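See below for the structure under consideration.
So that the names make sense, note that chain A is the first sequence line, chain B the second, and so on, each numbered from 1. The figures here come from the full heavy-atom set of this structure, side chains too, leaving out hydrogens, waters and symmetry mates. Since we're looking at a predicted model, the values are computed, not measured.
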There are 2 protein chains.
Amino acid sequence: MGTKGEQCRQRIIAAADTLFYEQGFNHTSFSDIADAAGIARGNFYYHFKTKDEILQGVIEKRLEDFRAMLAYWDETISDPRKRLRRYIQILTRQQQDIEHYGCPIGTLCNELAKLQHAQLNDANQMFEIFRQWLEAQFRQLGRGRQARHLALHLLAWAQGVATITNAYSDPAFLRREAKQITAWLDGL
Amino acid sequence: MGTKGEQCRQRIIAAADTLFYEQGFNHTSFSDIADAAGIARGNFYYHFKTKDEILQGVIEKRLEDFRAMLAYWDETISDPRKRLRRYIQILTRQQQDIEHYGCPIGTLCNELAKLQHAQLNDANQMFEIFRQWLEAQFRQLGRGRQARHLALHLLAWAQGVATITNAYSDPAFLRREAKQITAWLDGL
DNA sequence: GTCTATATCGAGATAGAC
DNA sequence: GTCTATCTCGATATAGAC
């Protein structure tokens with residue numbers, strides 16, 4: 001696979017990643033992606049045979065991005081409590097996107113579940129990456145036995161905040177809840 | 001409007017309600033609804049001119065159903081704490097649907113937000129009905145100043161549980177969290 | 001009020017020139 | 001490897017018979 005083709009493939013995936021988040025998977029057409037990536041519709045099928053293959057590419061890209069981000073946090077933040085606080089900062093930093101489009105992971109999983117799409121089990125690996133990382137942090141805080149449940153609880157809390165913030169378009173709610181989550185973490 | 005036509009209209013709305021929940025709004029076609037309602041495709045347009053009008057009908061039906069349910073709870077349950085516990089029981093009683101399709105309110109709002117659909121502001125009234133009712137219960141528990149925030153917090157918590165349960169298809173997580181929410185309510 | 005038949009459009013996907 | 005032109009299908013929506 002040549003360099004030029006690979007660059008084109010990356011552009012398609014990047015464009016699809018954004019559009020799937022902002023418009024949803026089903027509602028995003030090949031034309032939308034082609035326009036955003038600056039290529040012709042027909043050129044898709046050299047890189048991806050079906051729309052599902054693009055979805056696969058987007059999920060894999062996100063998984064890599066998330067893994068890289070968490071690895072970077074592990075390198076640069078030594079205190080597990082501070083790492084958890086950094087996780088919560090995703091909410092406040094991505095405030096505007098969440099307000100308009102919700103959580104990129106939760107909304108994609110929701111959509112794929114309703115489509116009874118086979119790739120739901122690939123998409124929920126995005127949750128799984130965060131869950132495992134969160135679990136490791138709780139374990140380092142001496143919460144070995146509850147670590148897994150605490151991780152899922154925190155994941156769910158953040159999801160709920162994203163859904164309500166999105167439905168009401170209410171960033172003030174997001175900020176209030178982010179503070180509460182931080183307080184909860186500090187109390188552990 | 002005659003009785004026969006009104007019955008047909010109700011059948012269409014009931015079928016659309018279920019299908020929008022199970023398959024999503026966009027992914028549900030007129031043919032799907034017609035088949036489920038047992039009518040011909042062409043007969044739709046006597047009752048609804050566009051798909052958005054069906055959506056409107058579904059949202060209004062849900063709003064009425066929710067209002068009726070909450071009014072019934074107000075009549076039959078006198079203790080506000082028990083009313084809140086009844087609210088949480090939605091999660092455990094609807095466990096299987098949530099596992100497969102998520103929350104009917106949250107997932108519809110998510111979808112409409114991504115479609116930049118004008119009726120998001122009608123759909124989030126479904127949240128609003130519950131929020132106001134929850135707020136009234138917290139107020140009766142002497143939580144006047146925080147009642148609104150507590151109501152939104154509880155809404156978000158339930159949403160998060162629904163999203164994670166759906167993504168992982170994990171009813172055990174739902175039951176664990178439902179217990180935690182109940183414990184939190186009892187501690188207030 | 002309900003039906004069948006059909007118009008129209010945009011989607012995913014393909015063929016083949018360059 | 002990228003393009004233009006095109007196929008096919010399923011969607012919303014309409015017309016008009018009954």
Figure out the CD/C1' separation between B:E6 and C:dG1, and round it to whole Å.
13 Å
Check each residue of residues 25-32 of chain A for a non-hydrogen atom within less than 4.0 Å of any atom in DNA chain C, then write out the ones that pass by number, or none.
A:T28, A:S29, A:F30
In whole angstrom, give the distance that lies between atom CZ of A:F48 and atom P of C:dT14.
15 Å
Any donor-acceptor pair under 3.5 Å linking the side-chain atoms of A:Y101 with those of A:Q23?
no
Whether B:N43 contacts C:dC3 is assessed here as follows: a side-chain N or O lying under 4.0 Å from the phosphate OP1 or OP2. Is that the case?
yes
Working for side chain to side chain donor-acceptor pair (under 3.5 Å), residues A:Q95 and A:E99:
CA-CA 6 Å; A:Q95 191 187 106; A:E99 186 189 338; over 6 Å; no
Pairing donors with acceptors under 3.5 angstrom, does anything connect the side chains of B:W157 and B:Q180?
no
Please state whether the rings of B:F130 and B:Y87 are parallel, tilted or perpendicular, taking 30° and 60° as the class boundaries.
tilted
For A:I54 and C:dA11, give me the distance from atom CD1 to atom P, rounded to whole Å.
14 Å
Can you tell me if the side-chain N/O atoms of B:Y46 get under 4.0 Å from OP1 or OP2 in C:dG1?
yes
Can you tell whether the side chains of B:R67 and B:E64 come within less than 4.0 Å, N to carboxylate O?
no
Quickly work out the B:K51 NZ to D:dA13 P distance and round it to whole Å.
9 Å
What is the distance, to the nearest angstrom, from the CZ atom on B:R11 to the P atom on C:dG1?
14 Å
May I ask you to decide whether A:R85 forms a salt bridge with A:D79, counting only side-chain N to carboxylate O separations under 4.0 Å?
no
Between the side chains of A:Q159 and B:Q159, is a donor N or O closer than 3.5 angstrom to an acceptor N or O?
no
OH of B:Y45 versus P of C:dT2: gap in Å, rounded?
16 Å
Rounded to the Å, how far apart are A:R41 CZ and D:dC7 C1'?
13 Å
Considering only C:dC3, D:dA13, C:dA13, which nucleotide approaches the side chain of B:A40 most closely?
C:dC3
For B:H47 and D:dT12, what is the distance between atoms NE2 and P respectively, to the nearest whole Å?
17 Å
